There are 2 protein chains.
Amino acid sequence: MAVTIKDVGKLANVSPSTVSRVLANHPKISDETKRKVREAMEELGYHPNLQARSLVVKSTKTIGIVMPNSTERVLENPFFPEVLRGICLEARKSQFGIYLTTGATEEEILQEVIEMVHGKRVDGIILLYSKTNDQIMDYLLHNNFPFTVIGRPYQNAERITFVDNDNVFITKQITEYLIQLGHKKIAFIGANMEMVFTIDRLKGFKQALKENGIAYQKELIVYDKEIAGRTKEKLAEILNMESRPTALVVSDDFIAIELISYAEELSISIPEDLSIVAFNNISTGKYMKPSLTSVDINIFQLGVEATKCLLDDITYPNSVMKRITVPAKMVERNSCCKVAE
Amino acid sequence: MAVTIKDVGKLANVSPSTVSRVLANHPKISDETKRKVREAMEELGYHPNLQARSLVVKSTKTIGIVMPNSTERVLENPFFPEVLRGICLEARKSQFGIYLTTGATEEEILQEVIEMVHGKRVDGIILLYSKTNDQIMDYLLHNNFPFTVIGRPYQNAERITFVDNDNVFITKQITEYLIQLGHKKIAFIGANMEMVFTIDRLKGFKQALKENGIAYQKELIVYDKEIAGRTKEKLAEILNMESRPTALVVSDDFIAIELISYAEELSISIPEDLSIVAFNNISTGKYMKPSLTSVDINIFQLGVEATKCLLDDITYPNSVMKRITVPAKMVERNSCCKVAE
DNA sequence: CTGAAAGCGCTTACAG
DNA sequence: CTGAAAGCGCTTACAG
């Protein structure tokens with residue numbers, strides 16, 4: 001049905017091999033022949049069947065993206081579109097396509113990854129997240145399949161190329177920012193504690209406390225998983241504590257926004273009674289009231305770098321493992337102020 | 001290198017054909033043989049090469065997604081992740097994968113689409129938008145390639161399966177909502193006027209005016225393209241008009257949020273001086289001050305239905321063209337009020 | 001500079 | 001119930 005290399009050859013009076021060679025713009029084909037063949041292609045509306053090609057050259061020119069969990073609310077987070085934008089930009093430069101996982105559970109995703117890898121659907125994979133005990137990362141590692149991760153691998157980091165922010169450092173920095181504003185009772189509201197970035201951020205948070213002689217209080221550490229669905233109660237609990245926090249380090253702008261809304265219901269003013277600094281710097285953050293002080297983690301760049309690394313790794317397999325640190329910086333707005341005396 | 005059907009056959013003492021047949025769970029293969037072959041597969045860690053299979057069965061089990069423009073700000077809009085969530089959910093049910101375009105210009109995207117179609121990368125395509133004079137849609141139509149579109153095709157709608165909101169109706173409805181609040185001078189801030197949904201919404205807007213005996217004023221119609229980068233001036237211009245509007249119908253929450261921010265700089269209070277109803281119902285809308293009255297267009301469902309239709313079309317080619325209307329409804333919050341006397 | 005042949009890893013009539 | 005053969009559409013040594 002579709003027009004093939006044979007048809008083109010027939011029309012141009014050359015062998016299929018020759019057609020294939022002009023397709024690859026092989027230097028040893030005469031200009032005359034090239035012209036003839038190209039004309040025939042034009043006339044027949046020929047386009048190469050990429051599957052057939054892939055089968056023999058063993059390269060697909062596509063990269064696979066493993067998303068955390070496609071049906072979850074994760075996708076609401078601007079992280080995903082932003083990172084994808086970076087990935088697309090870089091992939092396009094090298095004429096690579098993008099293939100997405102659709103799975104809802106880790107098990108499903110793993111199956112898809114296996115299919116991608118063995119089914120020869122992609123040449124390499126970008127993991128959009130890093131969590132502890134990740135079967136998918138283990139699988140990729142054991143199969144020596146090219147991949148890069150956005151985030152710090154919890155294990156085997158020395159054998160994996162990854163792109164990340166310096167989460168320890170930036171969190172330490174923002175915590176110190178709060179400390180300098182006079183806050184001594186600061187709570188940490190983390191995302192899922194299986195996420196490595198949560199672990200790193202907590203570390204930076206603790207460092208800041210320690211270096212500033214502030215005792216670490218376990219009660220002031222909360223994870224998203226615990227709050228899910230009951231942000232309100234959890235917040236009330238924290239705010240009714242004997243030693244109640246005057247500031248919050250929150251892992252995500254969306255959570256921060258929800259928190260602010262609940263706080264207001266409890267007649268707690270932001271930032272007067274409670275300072276908040278969050279992460280991700282969503283685009284509506286500056287229009288909130290108060291506007292959100294938030295860490296811009298440069299998601300787009302994360303995507304760009306991860307793709308560059310992967311593409312490198314695909315072209316020069318088993319070369320050096322890289323680690324790229326993308327700068328993050330706090331965007332100061334109006335959700336923090338000096339602690340009330 | 002990779003283990004193939006041959007290797008499995010050798011180990012199980014059967015022909016490659018037989019292995020292939022147990023792969024397809026062919027009914028005429030004895031249980032005994034199936035067992036043997038499956039054991040061999042397990043032992044060798046066999047996984048079928050999907051490319052090879054695709055080449056012969058002429059089906060890829062993947063659907064292509066054409067995004068408006070991957071590097072643009074469009075991706076910031078929650079539309080994209082939300083619609084993708086719906087698509088993924090449905091695709092996964094049928095074991096279909098997702099392939100994304102990465103192009104930045106219509107020309108680039110068209111090339112990618114041609115590659116997808118002729119290169120046999122996908123079995124069908126979902127167009128995430130509908131604009132006037134869309135080369136891509138024309139191409140797909142002329143090649144009789146299975147595709148569905150989210151949005152109303154501007155031309156050839158009778159030959160295309162599509163999923164859309166009733167944009168005329170819903171916009172008429174929200175405009176009447178404003179009219180009932182006493183507004184007579186209502187401006188329409190549309191997105192790109194090449195987008196069909198903009199055209200439809202404007203139509204609904206005009207209908208509402210007409211049926212309520214309000215004269216249509218050309219000066220009160222503004223398109224995003226004109227405002228891009230100079231929202232402020234454009235708004236100032238509108239607000240300084242002799243007959244200045246007291247209400248706005250805005251095509252996108254993000255634009256609305258920006259507008260509100262500028263309005264406030266001009267000491268125009270929302271909603272007292274200016275009522276606003278927007279579209280898309282972004283998740284932070286309810287936390288804005290004032291909270292945003294916005295039309296929930298049910299993006300997720302749009303993705304689900306488009307995928308269902310496409311999958312249908314792939315399995316039963318050239319059957320009936322469908323058109324699905326996904327309900328949209330206004331979520332009333334606090335950005336509108338009665339017009340001041 | 002070009003062609004004939006083998007092969008990528010699979011599926012599927014055709015026989016038996 | 002199973003195998004040998006042809007073929008999907010391409011690429012790439014090997015010859016000449």
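Quick caveat, the model's predicted, so the values are computed rather than measured. Numbered from 1 within each chain, the chains take letters A, B, ... in sequence-line order.
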Using the closest heavy atom to pick a nucleotide of DNA chain D for each, name whichever of P16(B) or A24(A) lands nearer the 5' end.
P16(B)
Distance check: side-chain N/O of S15(A) vs OP1/OP2 of dA4(C), anything under 4.0 Å?
no
Partner of dG3(D) under the Watson-Crick or G-U wobble criteria, both distances under 3.5 Å, comes out as dC14(C)
Can you tell me the distance, in whole Å, between the CD1 atom of I29(B) and the P atom of dT11(C)?
12 Å
Rounded to whole Å, please give me the gap between CZ in R21(B) and P in dT12(C).
10 Å
Side-chain N or O of K58(A) closer than 4.0 Å to phosphate OP1/OP2 of dG9(C)
yes
Parallel under 30°, tilted from 30 to 60°, perpendicular over 60°: which one fits the rings of Y99(A) and Y99(B)?
perpendicular
For atom CG of D31(A) and atom P of dT2(C), their distance in whole Å:
10 Å
Say whether S20(A) and S17(A), considering side chains only, have a donor N or O and an acceptor N or O under 3.5 Å apart.
no
Identify which nucleotide among dG3(D), dC1(D), dG9(C) has an atom closest to any side-chain atom of T18(B), counting heavy atoms from C-beta outward.
dG3(D)
Checking all strands, does V14(A) fall into the base, sugar-phosphate, or nothing category for heavy-atom contacts under 4.0 angstrom?
sugar-phosphate
Can you tell if the side chain of L110(A) reaches within under 4.5 Å of the side chain of Y139(A), non-hydrogen atoms only?
yes
What is the distance from CD of Q51(B) to C1' of dG7(C), rounded to the nearest Å?
15 Å
Assign T4(A) to base, sugar-phosphate, or nothing according to its heavy-atom contacts below 4.0 angstrom with the strands shown.
sugar-phosphate
Just call it for S17(B): base, sugar-phosphate, or nothing, with non-hydrogen atoms closer than 4.0 Å on any strand.
base
Integer-rounded Å distance: dC10(C) C1' and H118(A) NE2:
16 Å
Distance, rounded to the nearest Å, where R35(A) contributes CZ and dT2(C) contributes C1':
17 Å
On DNA chain C, does the nearest nucleotide to H26(A) precede the nearest nucleotide to Y46(B) from the 5' side, or the other way round? Give the residue.
H26(A)
Mind calculating the distance between CZ (R53(B)) and P (dC10(D)) to the nearest angstrom?
21 Å
Tell me: CG of L55(A) to C1' of dC8(D), nearest whole Å?
9 Å
Taking only the side-chain nitrogens and oxygens of T33(B), find out if one of them lies under 4.0 Å from OP1 or OP2 of dC1(D).
no
Can you see if the side chain of S30(B) gets near the phosphate of dT2(D) - specifically, an N or O under 4.0 Å from OP1 or OP2?
yes
Short side-chain to backbone donor-acceptor contact, S54(B) and S59(B), under 3.5 Å:
yes
Side chain of S130(B), backbone of R152(B): donor and acceptor closer than 3.5 Å?
yes
